Amino acid sequence: MKLLSEAQSLLGHVDWALLAATTAGLLASFLISTAVYRIWFHPLSKIPGPKLAAATWLVEFYYNCINPGQYYKKIEEWHKIYGPVIRITPHEVHVNDPDTYSLLYKTNAKVTKDPLYYQRFAGDINVLFFAKDTATHRSRRDPLNNYFSKKSVTEFEAVIVKHIDKLCQYLKRYAESTPPDSQEPIDLHYRIRCIVLDIFSDYAFGKSFSFQDSPNLGKDFFDMIRVHMASLWMFRMMTPAMVYRITHLPPFIALKLDPSASTYVKLKQDSKVAIQKIRDDPKADDLRKENRTVFYDMLHPHDDEGNPIPPKSLDDLSDEAYGLTVASSDTTGNGVHATMLGILSNPDVYTKLKAELRMAFPSSESKITWAKLEKIPYMVACIKEGLRISCGVIGRMPRIVEEPNFQVLGHHIPRGYSVTTSNYMMLRNEAIYEDPHNYKPGRWLDENGNLHTHFDKYFVPFGKDSRHCIGM
Ligand code: HEM
């Protein structure tokens, strides 16, 4: 009681106006001195660029939260004003120079994805995409690498064809059963994504999600991924711990807060059950011999000497399943989409491709395999052009500089700071590709109709360093 009355009497003597003014003054001088330091004295202060972006994270905040997803366009504009090397946040340098890409994203380089950027996608979770240091990255990537080799995927070709064939059969049935004058365009947006995830789930768990057979073609799920992707911009402004808590809310709370989260919760639960089944199935070993499943190996990991080591927890594995699902669905979906749109909306391309395919596969009974398809230069050119136009990853891919004397186009970037470039600016670069925003597969062929290699150095839809896409 005595203590309370003493506290009240003390507070009675406080000059609140003075306290508020002093606090505001201290805060203002802290902000001003931070800005002055970042603009003129910071290790990145010599890098050109807009002063506001160097002084504060508010510019990025504006493009993440108020005008979301538009920072890449603003950065492109800034490059036109300030040159190929610019500072875009107090801590990050952006480079737009096609010949420098391989300096930033070196094959086999030991690189660290900038945690300030990546850990805000989903919190500090235990999955490949977000692995921080090289050793952790290797331990997560090695068990998967083998599954995504060309040889392994080719062995799985029959299952891939089975899922694609479902769409072909659907189109055939529709064409045969509907008179031409009442045929409507068919929306392939969801159907393409269904194929991608039906194939992925078959490969990962030995059991397909069967989205193609679901009444709404997985619409809820794919729309949820879109919403989740949009919320990433907001997550970027939170701490990894906050993001982790939001993305790992107990299912019953997540569903109360946002009923549309049900598909996310269901996918994680389904993945967990599928992984649990592989773990507990006494026949898993035999099944694996007939039918490869990615998660079998993840449940039975080995060290470099081949000795068994404890697997990750079921929760971590279902996070990994979610990570792979998100990484594969829209990127592949958009790539296939851009390719089909390009082919179908350019009659010359359509006619030429159809003629080449007819030549390679003369009858409807001819077996279509990737081994034959990849020998048709125009087919490969159409796919490359679709990957170029769709870009895969539009956002940045920032890496932490590890070398002490790292120089980019005459600018020194100290160790520990972040440097990035943009696949979008590489793949739509006017200096490399004439008319870069249009679908022109012919650009990949020489005068004899063979694939040339002029652009290979700049063709980076899957990235180039040790963190390049595992699914390529
Ligand atoms: C056309 C399709 C695809 C494109 C264009 C694409 C593009 C990319 C790019 C550019 C990266 C590097 C991202 C970064 O550093 O921030 C990446 C990483 C990754 N992708 Fe893909 N991707 C595609 C399909 C897939 C598929 C089908 C899977 C899996 C089934 C997948 C799984 C991953 C994973 C796990 C990583 C992280 C690799 C690591 O950090 O070591 N992607 N992808």
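Counting convention: from 1, in listed order, for ligands and their atoms alike. On a predicted model such as this, the values are computed, not experimentally measured, just so you know.
- The shortest N/O to N/O separation between Arg399 and ligand 1 falls below 3.5 Å.
- For Trp444 and Phe459, the ring centers are positioned less than 6.0 Å apart.
- Looking only at protein N/O/S atoms, the ones less than 2.8 Å from atom 21 (Fe) of ligand 1 make 1 in total.
- At a heavy-atom cutoff of 4.0 Å, ligand 1 is contacted by no atom of Val460, backbone or side chain.
- Considering backbone and side-chain N/O of His468, none are found under 3.5 Å from N/O of ligand 1.
- Tyr170 carries Arg191 over the face of its six-membered ring, with the cationic atom under 6.0 Å from the centre and within 45° of the normal.
- With respect to atom 14 (C) of ligand 1, the closest heavy atom belonging to the protein is Tyr118 OH, 3.3 Å.
- Applying the side chain to side chain contact (heavy atoms under 4.5 Å, CB included) rule to Thr154 yields the partners Lys150, Glu157; only residues at least two apart in sequence or on another chain are considered.
- The protein heavy-atom contact nearest to atom 12 (C) of ligand 1 is Arg467 O, 3.7 Å.
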Audit row: Trp78, Tyr71, ring pair (Phe, Tyr, Trp, His ring centres under 6.0 Å) steps and yes/no: CA-CA 10 Å; Trp78 284 339; Tyr71 207 18; 5.7 Å; yes

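- Proximity of Val196 to ligand 1, defined as any heavy-atom pair under 4.0 Å, is not found for any part of the residue.
- At under 3.5 Å, not a single nitrogen or oxygen of Thr332, backbone or side chain, sits near a nitrogen or oxygen of ligand 1.
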